[in-house]
Amino acid sequence: MHILAIEGLTKRFPTVTALDRLTVTVGPGVTGLVGANGAGKSTLIKILLGLLPVSEGRAAVLGLDAFTQSAEIRRLVGYMPEHECLPPDVSATELVVHLARMSGLPRTAARERAADVLRHVGLAEERYRPIGGYSTGMKQRVKLAQAIVHDPKLIFLDEPTNGLDPRGRDEMLTLIRRIGTEFGISVLVTSHLLGELERVCDHVIVIDSGRLLRSSAITEFTQATETITVEVEEGADALAGRLAELGQTVTPHGRMLLVKVRGPETYDAVRDATADLDLCLIRLEQGRNRIEDVFRGEAAHV
Amino acid sequence: MSEIYDIGYRHYDGPRLGRHHTVLALGVHSLRGVFGLGRPARSKIMPFSLAAIMMFPVVVSIATMAMIQQRVGDYSGYAVVMQAVVAIFLASQAPTVVAPDLRHRVLPLYLSRPVTITEYVGAKVAAMTVALFLLVAVPLTVMFVGDLLVDMPGPPPTGEYLGAVTMAAVLAVLLSTVGLALAALTPRRGLGVASVITVYLLSTGAAPMIYAALYESGYRSAGAWGWLINPFWLVDAAQVWLFGSTAHIPDGAYPGGPAPILIVLALIAAAMAVLSARYRKAASQ
Ligand SMILES: Nc1ncnc2c1ncn2[C@@H]1O[C@H](COP(=O)(O)OP(=O)(O)O)[C@@H](O)[C@H]1O
Ligand SMILES: [Mg+2]
C-alpha cells in the first residue's frame with residue numbers, strides 16, 4: 001500500500017498556484033520533500049492533513065481519502081509545523097500530555113507516552129520547565145515529541161532543521177532516521193536544502209513551483225552523481241564537443257562541464273581532450289556525490 | 001543518561017477514545033485554566049478573589065436573615081447588583097482562554113488531531129460559560145441554602161431562586177460568547193482585557209444616558225429600550241418577562257414582551273459567528 005497517493009493535485013491561492021497538477025506516490029520509510037522556499041511543500045502537507053481545501057485533484061493518506069476521511073487520517077498521523085507553535089508558559093510535559101489526550105489517549109496513557117517520547121527526543125529534566133526558556137533546538141524537540149506522542153503511522157515534519165546550528169541539525173536528522181527505522185513510523189520530511197536529507201531519506205521528491213521535478217529512491221540519486229567537474233580557462237565549448245565525440249556525457253554548468261563517469265576511460269578522455277585542444281585546465285574535481293548536483297543538472301534541463 | 005536514552009521505542013496499542021472524550025478533556029483543561037488551576041499561584045489570584053467578592057452579599061444576606069429575620073436584596077437582582085465583578089472576571093479571564101493559542105499559533109497542533117474547529121471553539125465557549133455560571137450560581141445557591149436553614153417565616157422563594165439560576169445560565173452563555181469573540185479578535189492578552197472592559201463600561205454608561213435622553217425628550221416608552229444596551233439589564237429584562245420578577249434598574253421600566261430574550265439569542269448567534277470566522281481564518285494560516 002502507498003503511504004501517500006497524490007493525483008493531479010492543484011492548489012490555487014488568489015495570486016499564486018501553490019501546487020500545479022502534482023502527481024506522486026510515497027511508500028513506507030523516510031521520504032524527503034525538497035524544494036526552494038515557496039515551492040509548495042507546506043501547502044501540500046496542510047492539504048494532506050485536511051487543513052486546507054484543494055482546487056483540483058485527489059490525494060490519499062494511508063489509503064484514506066484526504067478530503068472525505070480527514071478525521072480518520074488525523075488519528076493516524078502526526079504533524080510538526082514549520083513555524084513556532086508552542087505556548088511559552090507551560091512545560092513540555094504538560095503540553096505533550098495535553099496534546100496526547102487531544103489525540104484520544106486516556107489520561108494515564110497520555111502521561112506515560114509523553115514521558116517516553118520526551119525521553120526519546122532527548123529532553124531530560126528541563127521538560128518540567130516552561131517552554132518559553134528553551135533553546136531553538138529544545139523547542140524543535142518538543143514539536144517533534146508532540147508529533148509522535150500518539151504513536152502515529154506516519155508523520156509530516158515541515159522543515160524540522162530550521163533555525164538549528166550544525167550540531168542541532170545533525171542530532172535532529174539522526175532522530176528522524178531513528179523514527180523512520182527503529183520506531184517504524186513512516187516520515188515525510190521537508191527541507192529547502194537538498195543535501196541535508198540524503199543522509200536520512202530512503203526516497204526523495206523534488207518539487208518546484210508546485211510541480212514535480214523528480215521522485216526517486218536515494219540510491220538512484222547517488223548513482224547518478226558519479227560525475228567529475230572540469231573547468232578550463234577558455235574553450236569549454238570545444239572541449240565539450242570533443243568529449244562528446246569521445247563518447248562521454250557532458251553537461252555544461254556555468255563555466256564548468258559536468259562529465260559523467262563511465263569508468264577510468266572518462267578520466268583518460270578528459271586528459272586527452274584538453275591536451276589535444278591545448279587548453280589550460282583550471283579544475284578537475286571528482287563528483288561530490290551529492291543529490292544537490294544531480295538536482296542542478298536536472299534543473300538545467302527543465 | 002545514555003542508557004536511559006537507549007530504551008527502545010514502544011508502540012501504543014491501548015485504547016483511543018472518541019471525540020466526545022477529547023472535547024470534554026479540552027473543556028475541562030480550559031475551565032481549569034480560567035481559574036488558574038495547574039498554573040502558577042499568581043494566575044489564581046484574580047479569579048479566586050473575584051469569586052470571594054461574589055460571596056460578600058451572600059454572607060451579609062444570611063447574617064441579616066439569621067439575626068433580624070429580614071431579606072436584604074433578592075435572588076433575581078443578584079447578577080445585576082454584582083455586575084461589575086462579573087464583568088471584571090470576564091474581562092480578565094476570557095483572554096486566557098483564547099489568546100495564547102492564537103498568539104502562539106498553537107491551533108495547528110489541535111487541528112492536525114481529530115479535533116475540529118467547531119469542537120475546539122465549542123469547548124472554549126463551554127468552559128467560559130461554566131466558569132461564569134459557577135461564579136453567579138454558586139453564591140445564589142449558598143444564599144438559598146442559608147435561607148432554608150434559617151427557616152424564615154413564610155414559604156421559601158424557590159421559584160425566584162430557580163428563575164435566577166436559569167438566568168445565570170443565560171447570562172453566562174451571552175457573556176462568554178461575546179467576551180470570547182472580543183478577546184479572540186485581539187491575540188494580545190492585555191488588549192483583550194481592555195477591549196472587554198471597555199465594551200462593558202460603554203454599555204453601562206450609555207444605558208442610563210440613552211434612557212434619560214429619550215425620556216426627557218418625551219419618548220418615554222422608547223427610553224425603556226436604552227437599558228437593554230447593557231448585557232446584565234438585558235438579561236434582567238428577559239427575566240422579568242420569563243419569571244415575572246421585578247426590574248432592577250435605577251429608573252423606569254423595561255420594554256415588555258419577548259424582545260429582550262430574542263436580542264440575547266441574536267447576540268449569542270452573532271458572537272458565535274464572529275468566533276467561528278476568526279478561527280477559520282486562523283486555521284487556514
Ligand atoms: N494562505 C496563503 N494564502 C496565499 N498564498 C499562500 C498561502 N500559503 C502559501 N501561499 C503561497 O503558496 C506558495 C507555496 O507556499 P508554501 O507551501 O508555504 O511553500 P514552501 O513550504 O515550499 O516554502 C507560495 O508562493 C506562498 O506564498
Ligand atoms: Mg514551508
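Owing to the predicted nature of the structure, the values given are computational and were not obtained by experimental measurement. We name chains A, B, ... by the order of the sequence lines, and we start the count at 1 in each one. When reading the values below, keep in mind they use all heavy atoms of this one structure, side chains included, and skip hydrogens, waters and symmetry mates.
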**Check against salt bridge (charged side-chain N to carboxylate O under 4.0 Å, His left out), A/Glu112 and B/Arg10** = CA-CA 11 Å; A/Glu112 280 170 22; B/Arg10 285 179 297 178; over 6 Å; no

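- Across every non-hydrogen atom of A/Arg75 and B/Arg19, the tightest pair is NH2-N, 4.3 Å.
- Ranked by heavy-atom pairs under 4.5 Å with chain B, the first of A/Leu76, A/Asp116, A/Val117 is A/Asp116.
- Only the side chain of A/Leu52 comes within contact range of chain B, judged by heavy atoms closer than 4.5 Å.
- Counting heavy-atom pairs closer than 4.5 Å to chain A, the top residue among B/Pro15, B/Pro40, B/Gly18 is B/Pro15.
- Formation of a donor-acceptor pair under 3.5 Å by the B/His21 side chain with backbone atoms of A/Leu105 is not found in this model.
- Close approach to chain A, defined as a heavy atom under 4.5 Å from one of its heavy atoms, is seen in B/His104, B/Arg105, B/Val106, B/Pro108 of residues 99-108 of chain B, taken by number.
- In this structure, the side chains of B/Arg113 and A/Met102 come closer than 4.5 Å at one or more pairs of heavy atoms.
- Between atom OG of residue B/Ser112 and atom CD of residue A/Gln146 there is a gap of 6.5 Å, rounded to the nearest 0.5 Å.
- Residue A/His83 places its NE2 atom among more than 12 non-hydrogen atoms of other residues, nucleotides or ligands, all under 6.0 Å distant.
- Nearest heavy-atom pair, A/Arg74 versus B/Leu111, reported as atom, atom and distance to 0.1 Å: CD-O, 3.0 Å.
- When each of A/Glu182, A/Arg101, A/Arg113 is checked for heavy-atom pairs under 4.5 Å with chain B, A/Arg113 comes out on top.
- With a 4.5 Å cut-off on non-hydrogen atoms, A/Lys46 touches chain B through its side chain but not through its backbone.
- Across every non-hydrogen atom of A/Leu86 and B/Leu109, the tightest pair is CD2-CD1, 4.3 Å.
- For the pair B/Arg16 (side chain) and A/Ser103 (backbone), a donor-acceptor distance under 3.5 Å is absent.
- Chosen from A/Val77, A/Ile73, A/Val90, the residue pairing most often with chain B at heavy-atom distances under 4.5 Å is A/Val90.
- Annotation for A/His98 and B/Tyr110: closest pair NE2-OH, 2.8 Å, computed over non-hydrogen atoms.
- Sparse packing is recorded around CZ of A/Arg21, with 12 or fewer heavy atoms of other residues, nucleotides or ligands lying under 6.0 Å away.
- Considering only heavy-atom pairs separated by less than 4.5 Å from chain B, the leading option among A/Pro130, A/Pro81, A/Pro88 is A/Pro88.
- Counting non-hydrogen atoms of other residues, nucleotides and ligands closer than 6.0 Å to CD of A/Glu84 gives a total of 12 or fewer.
- A/His150 and B/Tyr12 have their aromatic ring centers separated by at least 6.0 angstrom.
- For B/His29, the part sitting under 4.5 Å from any heavy atom of chain A is the side chain, from C-beta outward, and nothing else.
- The environment of A/Lys139 atom NZ is dense: over 12 non-hydrogen atoms of other residues, nucleotides or ligands sit within 6.0 angstrom.
- At a 4.5 Å heavy-atom cutoff, the contact between A/Pro106 and chain B is made by backbone and side-chain atoms alike.
- For chain B, the option among A/Gly184, A/Ala109, A/Pro152, A/Cys85 with the highest count of heavy-atom pairs below 4.5 Å is A/Cys85.
- Using the six-membered ring where Trp is involved, A/His120 and B/Tyr9 have ring planes that are tilted, between 30° and 60° apart.
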